[in-house]
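All ligand and atom numbering here is 1-based and tracks the order in the structure. Just so you know, residue 1 is the first one in the sequence shown, and it goes up from there.
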Amino acid sequence: MTTTITTPATPTPPGDARSGDNLADRHERATLAVARRRSAELESEIARDPGAFRVLTGDRPTGALHLGHLLATLDSRVRLQDAGVEVVLVIADYQVITDRDETGDLPAVVREVVLDYLAAGIDPARTTIFTHSAVPALNQLLLPFLSLVTVGELERNPTVKAEAVDAARRQGRDMSGLLFTYPVHQAADILFCHGDVVPVGADQLPHLEATRTVARRFNQRYAAARPYFREPDALLTPSLTVLGNDGAKMSKSRGNALELRATEDETVRYFRRARTDSERHITYEPETRPDVANLLRIGARFAGTTPAELAESVGAAGAGRLKQVVTEAVVEGLRPLRERRRDLAADAPAVVGDVLARGNAHANAVADRTLADVRELMGTVY
Ligand code: TRP
């Protein structure tokens with residue numbers, strides 16, 4: 001397979017003159033603007049009638065979850081769940097082998113992820129948590145879905161390109177077929193349960209577009225009279241990227257993350273190393289002072305205030321004081337989560353086994369039904 005690997009275009013904010021005449025950028029900005037508008041509408045539709053929506057999202061189980069997950073995704077999942085929206089979470093274990101040969105101790109990692117979910121407030125009585133590999137019918141949907149997209153479309157998917165660059169840089173390896181096709185696999189994740197809302201960051205919009213394409217083409221080809229799949233909408237997560245203490249995006253693989261299961265001591269040490277800047281007076285200016293803004297957002301999340309208010313309260317006391325305030329807020333704020341997690345962990349194999357058994361059984365029932373419908377529509381029932 002000759003796959004061209006190029007660096008993905010960095011999204012430029014609307015009105016950025018530097019890239020004003022680049023057609024691809026302009027297209028990207030227009031798409032983002034449409035998605036933002038649709039997201040805002042969606043938020044109010046959800047608020048009006050939460051029971052009418054099903055959210056599908058999930059995580060690749062490559063390690064225990066960290067502060068970045070909490071702020072960027074877990075908080076909003078819990079908020080949606082508590083508002084009465086049906087939430088389905090996929091622990092995407094097949095995605096672990098998209099870019100590596102060794103999976104490590106997958107059952108242990110999956111257990112940590114489930115514990116993190118529960119500790120953060122995901123309620124398995126209301127929210128379905130399942131693992132990819134335990135739901136055969138979901139995975140079978142991949143075959144008809146793959147026939148609905150072209151190699152060229154997959155090659156142009158910016159996330160696939162970005163992941164390929166990343167895999168090549170980190171481990172000098174070529175892209176696997178599973179990585180190449182994973183947007184379609186994600187389409188199966190979303191469509192198997194007729195998920196209609198997918199919370200994503202702006203960088204994940206191309207994935208959702210792939211799912212919408214699969215749904216639309218399936219309907220055109222096999223269900224023209226009465227569309228079977230709904231094209232899901234992106235719910236753009238408003239929170240910005242959470243940075244690690246080295247100033248880069250927080251991620252386990254960079255070693256710059258604070259895990260939710262970290263101890264108080266580890267938390268204190270983590271923030272002691274956090275980057276700030278040389279300006280003494282603390283202000284909330286995300287564009288020009290990303291490191292300080294990041295600390296302010298993290299602190300505000302736990303102190304129940306806004307980043308701007310927190311900045312004001314620290315002001316002239318400077319970065320040292322800021323770190324102290326943020327550390328205290330995080331230590332205090334994470335305490336209930338950690339206590340819950342510790343209690344659950346004491347009984348982990350049973351608790352997690354239970355949650356997954358229930359989640360997988362439900363996901364299988366739903367996936368079997370969808371696959372039966374799909375086979376009916378495709379005329380492959382014998
Ligand atoms: N790729 C996502 C991640 O790495 C996890 C995921 C798998 C997902 N399938 C999905 C997210 C479907 C949204 C919808 O975090």
**Student:** Specify the protein heavy atom at minimum distance from atom 4 (O) of ligand 1: its residue, its atom name, and the distance to 0.1 Å.
**Tutor:**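 Looking at atom 4 (O) of ligand 1, the protein heavy atom closest to it is Arg60 CB, 3.7 Å.
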**Student:** Backbone, side chain, both or neither: what part of His185 comes under 4.0 angstrom of ligand 1, heavy atoms only?
**Tutor:**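 Near ligand 1, His185 shows nothing, with every heavy atom at 4.0 Å or more.
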**Student:** By number and element, which atoms of ligand 1 are closer than 4.0 Å to a non-hydrogen atom of Ala92?
**Tutor:**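 Taking each heavy atom of Ala92 in turn, ligand 1 has 7 (C) under 4.0 Å.
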**Student:** Would Asp59 count as a polar contact of ligand 1, with the cut-off being nitrogen or oxygen pairs under 3.5 Å?
**Tutor:**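 So ligand 1 has no N or O lying under 3.5 Å from an N or O of Asp59.
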**Student:** Using heavy atoms and a threshold below 4.0 Å, how should the contact between Val90 and ligand 1 be classified: side chain, backbone, both, or neither?
**Tutor:**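 Side chain only; the backbone of Val90 stays clear of ligand 1.
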**Student:** Provide, to 0.1 Å, the distance between atom 8 (C) of ligand 1 and the closest protein heavy atom, together with that atom's residue and name.
**Tutor:**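 Scanning the protein heavy atoms, the shortest distance from atom 8 (C) of ligand 1 goes to Gln186 OE1, 3.5 Å.
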**Student:** Looking at Val198 and Leu56, what are the two nearest heavy atoms and their distance?
**Tutor:**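 Smallest heavy-atom distance, with atoms named: CG1-O, 3.5 Å.
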**Student:** Taking both backbone and side-chain atoms of Asp189, is any N or O found less than 3.5 Å from an N or O belonging to ligand 1?
**Tutor:**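 Asp189 vs ligand 1: N/O contact under 3.5 Å present.
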**Student:** Output yes when the distance from some N or O of ligand 1 to some N or O of Tyr182 is under 3.5 Å, and no in every other case.
**Tutor:**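 No.
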**Student:** Closer than 4.0 Å to some heavy atom of Leu56 - which atoms of ligand 1 meet that?
**Tutor:**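 Contacts of ligand 1 toward Leu56, numbered from 1: 12 (C), 14 (C).
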**Student:** Which atom names give the shortest non-hydrogen contact between Gly359 and Thr128, and what distance separates them?
**Tutor:**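 Taking Gly359 first and Thr128 second, the nearest heavy atoms are O-CG2, 3.6 Å.
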**Student:** Gly58 heavy atoms, cut-off 4.0 Å: which ligand 1 atoms fall inside?
**Tutor:**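 Answer for ligand 1: 5 (C), 11 (C), 15 (O).
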**Student:** With heavy-atom distances below 4.5 Å as the criterion, would you say the side chains of Arg261 and Glu112 are in contact?
**Tutor:**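 A side-chain contact exists here, since the closest heavy-atom pair is under 4.5 Å.
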**Student:** Just wondering, more than 12 heavy atoms not from Glu266 lying within 6.0 Å of its CD?
**Tutor:**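 It does: Glu266 CD has more than 12 such atoms within range.
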**Student:** Could you check if a side-chain atom of Val151 sits within less than 4.5 angstrom of a side-chain atom of Phe180, using non-hydrogen atoms only?
**Tutor:**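 In contact.
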**Student:** Could you work out the complete set of other residues in the hydrophobic cluster of Leu178, with links drawn between I, L, V, M, F, W and Y side chains under 4.5 Å apart?
**Tutor:**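 Listed partners: Tyr94, Ile97.
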**Student:** Scan for side-chain hydrogen bond (donor to acceptor under 3.5 Å, both in side chains) pairs involving residues 303-318, sequence neighbours excluded, and state none if there are none.
**Tutor:**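 Of all non-adjacent pairs touching residues 303-318, those that pass side-chain hydrogen bond (donor to acceptor under 3.5 Å, both in side chains) are Thr305-Glu309.
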